[in-house]
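Worksheet: the structure to be examined is printed underneath.
Order of the sequence lines fixes the chain letters, A, B, ..., with proteins taken first and strands second; residue numbering starts at 1 for each chain.
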Amino acid sequence: MPRYLVTSALPYANGPIHFGHVIGAYLPADVYVRYRRMRGDDTLFVCGTDEHGVAITINAEATGVGYREFVDRWHRVIGDTLAAFGIQFDTPFSGTNRCRHHERISQRFFKNLHENGYLLQKTERQWYCEKDAMFLADRYLEGTCPFCGAENARGDECKKCGQWIDALALKNPHCKLCGTTPVVRETAHWYLDLPKLHADGVGEWFEGKNPRREHVEWKPNVRSFVGNMLADLHPRPITRDLRWGVPLPTPFTEEGKVLYVWFDAPIGYCSITQEVLEERARRKGETIEDNAWLDWWAPKNPSDVRLIHFIGKDNIGFHTIVFPSMSFGQGDRFGHPVVMPWAVPAMEFYNLQGRKFSTSDGWTIDPIEFLKRYPNVDAARFTLLSTSPETADSEFTFEDFQRVNNRDLADNLGNLLSRALRFAKDKLDGVVDRRDPTEAERALYAEVTPQIHAWAQALEKFEIRNACSALVAIGRATNRYFDACAPWSAIKSDRVAAERCIDWTTRCLGIIGILAEPFLPNAARAIRESVGIGGIDLRQAVDELLARSQVTAAEIGFRVGEVPILFQKIDDKTIAAEVAALRERAAASAKTTTKNMTENVPAAASQPAAPTPAAAPTPAAPAAAAGKPEITIDDFAKVELRVGTVVVAERVPKADKLLRLEVDLGTEKRQVLSGIALKYAPEQLVGKRVVVVCNLAPRTMRGLESRGMILAADDGSGPVIVSPTADVSPGATVK
RNA sequence: GGCGGCGUAGCUCAGCCCGGUUAGAGCAACGGCUUCAUAAGCCGUGUGUCAUCGGUUCAAAUCCGAUCGCCGCUACCA
């Protein structure tokens, strides 16, 4: 019997996670693992945070905390969030920096690849800081932009003019850490030879032509994505100039060089496995070898272990090509071949209320806060699961949340339990006895049985939405049966008929209580306890259900105890308030993040009458408060603003947002490019008065020179041109 | 502009890969029944251009091409 090794994409310890992450890689994995364990399969569920990389060092430095401290902070937040959703990884939920095996195992991967001839070395010229004794990654290099002369350009691009810069072309470079001037030196970086690995067997494996390393049929999204990727496969750099990460193994060790974060991250699955096994052993008072993880990752027979990666679609390439290549490239150096994925159930993207989740735009929900307001995690889990982006992008809406909670959970399932048990309590002395089935019960089971199998088959195929609807369908069928029996009227003439109805209704509730376990762990347990099968062995129960739609433990009657309210309903007002609050957050955030220097203008621009400063509407205030540092009138005077008339306007070919304008400034005509094509058609601009920044350095875009800039306001919904409210002659100054 | 995806009942979607019964589900709506239950439940009600046009075929929502519309990534937005 195969064992199951389940991983969820390692969340990057660089920020919070939102619903999209939760449904993308963690919740479905949790459901699947619970299911596998119900089926009695030996299953390991591994996850932790991805803690290296330049994004982390940069953000940590910007925050003014140490790398590890920074990573620890997010590790805690992410771990708490996932735990709040009831996602139960095997402990510990570790991380690529905190795991004490990670460095060793990552270095082993590197060495083995090297020994097997799958690494290339390329020499390139790069800036080197002698004081810090390291080569400087792009973002650790500052200097003068060779294009616009701005002084704080980075090694990869100039923030001022936006040009991409070849780091070697940077003028007057200096190290961002110590400020000294670096020198150009030759350095060698290592590359993973993906084309060779592909030719040597990874390609064959991917196509499903390696009988010893089988995988399920790839999902369509996986197949199409990888097809494109294979079309041009290049060696990939696996080392980086950084002080935060896994150092290269001896004898390749080099000061200031580490493994590229993408290389060591997936190895985290392996190293965390070792920690999990250690933790298990420790609990049993045993100790294990340092290579115990190989029992899972390089078993004697590769088909013994089914490796399943739950990921979002942005991770498909890594998990179907890159990491499998790294594993394949180990050869037998770990004793046996390293397992390659058996299934990669990649989710598509999950949006929020019609738009992308965006923390910076305020278009997001803090999961922890959400669960504080709606503490029944099961409802959140079931909503995410039944709207999950399995086959296409999908979205979370508060309306769906309400519908799933109220209709599917409270009305259908919760109320079913309630009506059956209350009846038993009030009318049958609180005792449920078993009664033999009649035609009606056989008909009920003819409906329920296929759903039990649908549930199992759907979960086997990672079709969690279908599994959810099978569960709901059983509730519906049972409600129907209950109605047809009408025990409330039967009891008047035929007490046994009423008893039979409650008996079989609660048996179906028992089935629901078992099948709901992966999705609704809390409600499932409550249901089981309520219908007298609280102590049931779930594994045996599922086997029995699949074999004969019955559970032995449910064949004895029970006495009704407390009747729980499984799901509290959510009213329309609450939902409307949630949506409104979300919109407000987004609007507030849009105001504080406008990018032009025109951010205080929009309210005034729409005022028809001449606005006085005193009459300035309040919305302008918070923008100013949250914005840039104070400047003096002299600073402002450096900007030459003039009114001009648009005389020519036309689209710039092959650019979506760009418009080429010719503006009459009275004394001269200038060509100005402006990124407003999404909101303005060229025709509607001709003749319009605009405000031009005249003394802005020229800039070439799409082969055309732009001399100046048109002022436009933007509240997040696109640019709005700023124009004088009364007729002013071209050339008039603006101040 | 490039790459990718999508367009099926009022809404959310399934079906499309591997063409073939009267194109389905849930929700909403409307009508009725019921009162055991969390104002829950049950029954009934859909003349849907399967975006449009064209092609392949005995047969197309399903395959091919073009068009329109929407979305994402990307370039561009001083």
Side-chain angles (χ1 to χ4, degrees), chain A residues 148 150 158-164 217 219-221 223-225 227-228 231 313-314 348-349 351 354-356 386-387 390-395 397 399-400 402-428 463 465-466 468-469 472-473 475-476 478-491 498 501-502 505 563-569 595-597 651-659 672-679 692-693 696-704 706-712 714 718-719:
Chain A
C148 73
C158 171
K159 274 187 233 157
K160 200 99 173 187
C161 71
Q163 287 278 3
W164 284 67
E217 198 175 324
K219 284 180 66 170
N221 59 346
R223 178 160 279 285
S224 68
F225 181 91
N228 293 336
K313 72 170 157 190
D314 50 332
E348 299 288 304
F349 285 140
N351 296 319
R355 276 168 56 180
K356 274 182 61 176
S386 50
T387 61
E390 263 165 33
T391 55
D393 291 1
S394 64
E395 61 175 348
T397 66
E399 292 83 357
D400 279 341
Q402 183 192 30
R403 179 182 57 74
V404 169
N405 179 76
N406 290 8
R407 314 265 38 223
D408 292 341
L409 297 178
D411 293 349
N412 183 350
L413 300 184
N415 184 53
L416 177 64
L417 182 82
S418 190
R419 70 195 300 205
L421 295 189
R422 294 226 67 88
F423 187 91
K425 215 167 180 177
D426 296 344
K427 308 285 161 74
L428 303 176
E463 292 169 0
R465 281 187 312 191
N466 286 339
C468 289
S469 55
V472 173
R476 228 192 308 281
T478 310
N479 268 311
R480 223 176 354 249
Y481 160 80
F482 194 91
D483 248 71
C485 293
W488 58 89
S489 89
I491 194 160
C501 176
I502 300 306
T505 298
V563 181
I565 295 293
L566 258 22
F567 299 97
Q568 215 71 51
K569 300 234 253 181
K595 50 182 170 183
N596 286 342
M597 55 190 294
R651 303 195 72 101
V652 174
K654 298 190 177 178
D656 272 6
K657 299 187 188 169
L658 261 194
L659 240 39
V672 177
L673 300 187
S674 186
I676 53 175
L678 292 179
K679 286 287 282 286
V692 180
V693 184
L696 192 69
R699 163 92 193 270
T700 302
M701 288 174 278
R702 276 279 325 138
L704 299 168
S706 177
R707 304 202 312 137
M709 174 172 108
I710 305 286
L711 292 195
D714 194 341

Can you name the side-chain contact (heavy atoms from CB on, under 4.5 Å) partners of [X], sequence neighbours left out?
X: A:Arg422; answer: A:Ser418, A:Asp426, A:Val563
X: A:Ala486; answer: A:Trp488, A:Ser489
X: A:Thr478; answer: A:Leu416, A:Leu444, A:Ile474, A:Thr505, A:Cys508

**Message:** According to salt bridge (Lys or Arg N to Asp or Glu O under 4.0 Å), who are the partners of A:Arg465, at least two apart in sequence or on a separate chain?
**Reply:** A:Glu390

Could you please name the option among [options] that lies closest to any side-chain atom of [X]?
X: A:Asp411; options: B:C76, B:G41, B:C36; value: B:G41
X: A:Asn479; options: B:G41, B:A78, B:A37; value: B:G41
X: A:Arg422; options: B:A78, B:C43, B:U38; value: B:U38

**Prompt:** B:C73 phosphate, OP1 or OP2: any side-chain N/O from A:Lys356 under 4.0 angstrom?
**Reply:** yes

**Prompt:** Does the side chain of A:Arg702 get closer than 4.0 angstrom to OP1 or OP2 of B:G1 through an N or O atom?
**Reply:** no

Between the protein and nucleotides 13-18 of chain B, which nitrogen or oxygen pairs are less than 3.5 angstrom apart?
{"from": "B:A14", "atom 1": "OP1", "to": "A:Thr391", "atom 2": "OG1", "distance (Å)": "3.0"}

Pairs under 3.5 angstrom, nitrogen or oxygen only, protein versus nucleotides 27-35 of chain B, please.
{"from": "B:A28", "atom 1": "OP1", "to": "A:Arg407", "atom 2": "NH1", "distance (Å)": "3.2"}
{"from": "B:A28", "atom 1": "OP2", "to": "A:Arg407", "atom 2": "NH1", "distance (Å)": "3.4"}

Please identify each residue that fulfils side-chain hydrogen bond (donor to acceptor under 3.5 Å, both in side chains) with [X], with sequence neighbours left out.
X: A:Asn351; value: none
X: A:Asp393; value: A:Lys313
X: A:Gln568; value: none

